[in-house]
Structures are given as C-alpha cells and as structure tokens.
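Accompanying notes for the structure given below.
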Amino acid sequence: MRQYALRRLIYLPLIAIAVSAITFFVLRLPFAEDPVAEHSTQATTVEQAAAIKHEFGLDKPMAEQYVTWMKNIVTGHLGVTYNGRQSVAAQIKQRVPVTLEILILSVFFGTFFGVTFGIISAVKQNTITDYICRVFAVFGQSIPEFFLLILLIVLPSIWWNYSAPVGGHISILSNTKENLRLFVPPTLVLGIGGAAGLMRITRSTLLEVFRQDYIRTARAKGLKGRSVVLTHAMRNSLIPIVTIVGGQIAALFFGTVILEQIFSIQGIGQFFFTSVLSADLPVVEFLVLYTSLIVILLNLAVDLSYALIDPRVKYT
C-alpha cells in the first residue's frame with residue numbers, strides 16, 4: 001500500500017499542473033476583458049483602460065500571466081479581488097471555518113441517517129418500516145436541495161411565526177447555542193440528499209452480505225442479531241459506503257454554494273458564487289483549483305482506506 005500511495009503522490013504535482021493550466025486558460029480567455037469593462041465608464045479613455053489592464057496584469061502575454069499566477073499560488077500570494085481590491089487570501093482565510101463547519105455537519109447528518117436507516121431497512125426487509133425508509137430515500141433524492149432550503153425559511157414563518165436565523169456567522173466557540181441554531185437546520189436539510197442515496201446503498205449491500213455463508217454460520221452459532229449486523233455484516237459492507245461518502249464530501253461543496261447563498265452566510269460557497277457573477281478571476285481561478293485538488297486528495301484517501309477496511313484488498 002505504501003508504494004501505491006507514493007506512486008499516486010508522485011503523480012499529484014503533474015495532475016495539479018494540468019488542472020491549473022486548464023483552469024487558468026478556460027477561465028481567463030472568455031473573461032479577460034471583463035475586469036476592464038467592470039471598472040470603466042463611458043468617460044474612460046483608452047489610456048485609462050490600458051492602465052486598468054496593466055494594474056491587473058492583463059496586458060501581458062497569456063503564458064506569462066499563467067507563470068506569474070502559478071508562482072503566486074505556490075508562494076501564497078493570491079493577489080487582490082477585482083472588486084473592492086481586497087486580499088483574496090484574507091477573504092478565504094476568514095470564510096474557510098464557516099464552510100468547513102457546514103461540510104462537517106452535512107456529512108455527519110448524511111452519513112448518520114443514511115447508514116442508520118439503511119441498516120434498519122435491510123434488517124426489516126419487506127416490512128412497513130422498510131417501505132417507510134425506502135419512501136424517505138426516494139423523497140430525499142427527488143426533491144432539489146434548494147427547494148427544501150427555501151421551505152425551511154418559509155414554512156416555519158407561516159406555521160409558527162418563527163423566523164429562521166439568516167445571514168452572518170457566529171463562531172461556535174463564542175456562542176455555541178446560536179451557532180448551532182444557525183447551522184444545524186440547513187445542514188440537516190443539505191444532508192438529506194446524501195442520506196437518501198447512502199441509505200439505498202447500505203440497504204442493498206447489507207442484503208447481499210446477509211446471503212453469504214459466514215453470516216448464516218454466525219447466526220447458527222447463536223450470535224445475537226445486533227452482533228451479526230454490526231460486527232460481521234457491516235464491516236464487509238463498508239467499501240461501497242466509504243466510496244459514496246467520499247464522493248458526497250466533494251459534491252457537498254456545491255451544496256454549500258446554494259445553502260450559503262440562500263441563508264446569506266459568508267462562506268467560501270457564497271464568495272465563489274458572487275465572484276463568478278462578477279468575473280472576479282483571481283478568486284474563481286484559485287477556488288476551482290483548490291476544489292479540484294481537494295477532490296483528488298479525497299479520492300486518494302478513499303482508495304487507500306479500502307486496504308484498512310478489507311485486508312484482502314491488494315494494490316499493484
């Protein structure tokens with residue numbers, strides 16, 4: 001496994017360079033003139049427009065712009081935003097804890113409810129409990145997350161005259177109660193989609209494992225049902241579950257964009273959304289590259305976890 005991990009890590013810089021080049025040129029070519037138009041008026045002269053392009057380094061050849069951008073990324077100098085001239089690094093540092101908390105809570109709720117209901121549905125196969133869990137799974141995968149998040153704001157205000165907290169960010173260390181009041185309801189809703197898919201995978205995998213000979217042997221020896229399910233069956237069902245959870249972590253970043261925009265939470269997702277709308281290239285380019293590298297590392301972590309879950313897995 002060590003050699004496999006080292007080989008994957010050796011490829012990582014090459015993949016990062018390829019992703020950075022695609023990110024830079026795909027985004028820079030169609031939006032190269034947008035910053036100039038954004039900071040220009042009808043009275044802007046040709047000389048002033050040229051000064052704006054020089055300020056943002058857009059007057060240099062594209063290849064030189066790319067090399068400069070990569071040097072800045074490696075050294076941590078992410079530049080300033082086109083709108084407001086704010087430090088990109090400072091803005092991201094301020095917003096990362098917000099989005100990180102949203103991701104952690106969403107993954108926790110999605111994994112907890114998905115695996116729990118999946119186990120219950122498999123154990124209670126073809127009973128009313130199983131049917132209820134399967135209806136929940138179809139419901140969770142069918143309804144868009146943004147619609148559920150909007151209902152989370154609208155319905156309590158209509159039914160109970162309760163206004164859900166919207167906007168800003170309260171640190172969990174400074175005020176735990178208000179922080180959880182702000183983040184738990186939307187992240188619970190955001191986790192429903194992931195929980196639904198995970199529940200179906202857990203149920204189908206467990207049902208397949210229940211048919212194996214060693215499960216029948218364990219039951220024949222008189223082991224309790226809970227021990228058979230949690231100790232024997234679940235361990236051999238973890239690989240597809242871990243694969244799904246790893247993919248959901250990456251996908252949830254896009255869910256945070258919707259959540260933060262609807263609830264006016266100042267996190268990475270909202271920063272990315274507003275930057276795309278205003279063609280703020282330094283922000284968009286870095287966040288796309290940053291997200292791509294996280295997805296690559298997550299896939300590597302998931303692949304390496306297979307050998308820890310199942311000793312029979314061998315890497316070549």
Side-chain angles (χ1 to χ4, degrees), residues 95-122 124 129-203 241-273 291 294 298:
R95 296 166 186 264
V96 161
V98 181
T99 300
L100 187 61
E101 182 176 0
I102 293 174
L103 286 173
I104 291 173
L105 288 175
S106 300
V107 171
F108 170 76
F109 288 134
T111 304
F112 176 78
F113 289 111
V115 173
T116 301
F117 288 138
I119 293 173
I120 294 173
S121 182
K124 303 290 185 179
T129 303
D130 180 28
Y131 295 140
I132 292 174
C133 291
R134 289 161 70 180
V135 167
F136 160 77
V138 174
F139 169 82
Q141 289 190 304
S142 302
I143 300 182
E145 294 169 346
F146 73 86
F147 180 70
L148 293 176
L149 289 170
I150 293 174
L151 290 182
L152 184 62
I153 298 176
V154 174
L155 294 184
S157 64
I158 296 175
W159 291 344
W160 305 299
N161 198 27
Y162 171 77
S163 178
V166 175
H169 171 249
I170 303 170
S171 172
I172 193 171
L173 299 177
S174 61
N175 193 331
T176 304
K177 181 179 179 180
E178 288 300 316
N179 175 276
L180 296 179
R181 181 170 172 262
L182 174 63
F183 284 105
V184 167
T187 54
L188 183 59
V189 171
L190 191 62
I192 285 178
L198 189 58
M199 177 247 150
R200 298 182 68 178
I201 291 295
T202 303
R203 178 183 183 276
I241 293 174
V242 169
T243 304
I244 295 297
V245 171
Q248 288 178 349
I249 293 174
L252 275 173
F253 175 78
F254 301 99
T256 63
V257 175
I258 300 171
L259 187 153
E260 291 172 9
Q261 190 63 23
I262 292 176
F263 282 81
S264 299
I265 298 174
Q266 297 178 353
I268 294 293
Q270 187 192 54
F271 194 35
F272 178 76
F273 181 78
T291 307
I294 286 182
L298 276 174

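Any value given below was found using the heavy atoms of this structure, including those in side chains, with hydrogens, waters and symmetry copies removed.
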Q: Please lay out, stage by stage, how Asp130 and Arg203 fare under the test side-chain contact (heavy atoms from CB on, under 4.5 Å).
A: CA-CA 10 Å; Asp130 180 28; Arg203 178 183 183 276; 2.9 Å; yes
Point-to-point distance, once rounded to the nearest 0.5 Å, from [atom1] of [X] to [atom2] of [Y]:
| X | Y | atom1 | atom2 | value |
| --- | --- | --- | --- | --- |
| Arg95 | Ile268 | CZ | CD1 | 7.0 Å |
| Thr202 | Ile120 | OG1 | CD1 | 11.5 Å |
| Ser121 | Ile132 | OG | CD1 | 10.5 Å |
| Ile104 | Leu100 | CD1 | CG | 4.0 Å |
| Ile102 | Leu259 | CD1 | CG | 5.0 Å |
| Phe113 | Met199 | CZ | CE | 14.0 Å |

Q | Criterion ring pair (Phe, Tyr, Trp, His ring centres under 6.0 Å) against Phe117, the qualifying member of Phe109, Phe139, Phe112, Phe136 | A |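 So, applying the ring pair (Phe, Tyr, Trp, His ring centres under 6.0 Å) to Phe117 and each of Phe109, Phe139, Phe112, Phe136, only Phe136 qualifies.
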Q.
Is it the case that atom CZ in Arg200 sees more than 12 heavy atoms from other parts of the structure closer than 6.0 Å?
A.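 Incorrect, the count does not exceed 12.
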Q. Can you find a heavy atom in the side chain of Gln266 that is under 4.5 Å from one in the side chain of Phe271?
A.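 Contact flag for Gln266/Phe271 side chains = no.
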(Q) Can you confirm whether Val138 sits close enough to Arg134 that some side-chain heavy atom of one is under 4.5 Å from a side-chain heavy atom of the other? (A)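 Val138 vs Arg134: side chains apart.
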Q.
Could you walk me through whether Thr99 and Glu260 satisfy the side-chain contact (heavy atoms from CB on, under 4.5 Å) test, starting with their C-alpha distance in whole Å, then the side-chain angles of each, then the deciding distance to 0.1 Å, before giving a yes or no?
A. CA-CA 8 Å; Thr99 300; Glu260 291 172 9; 2.8 Å; yes
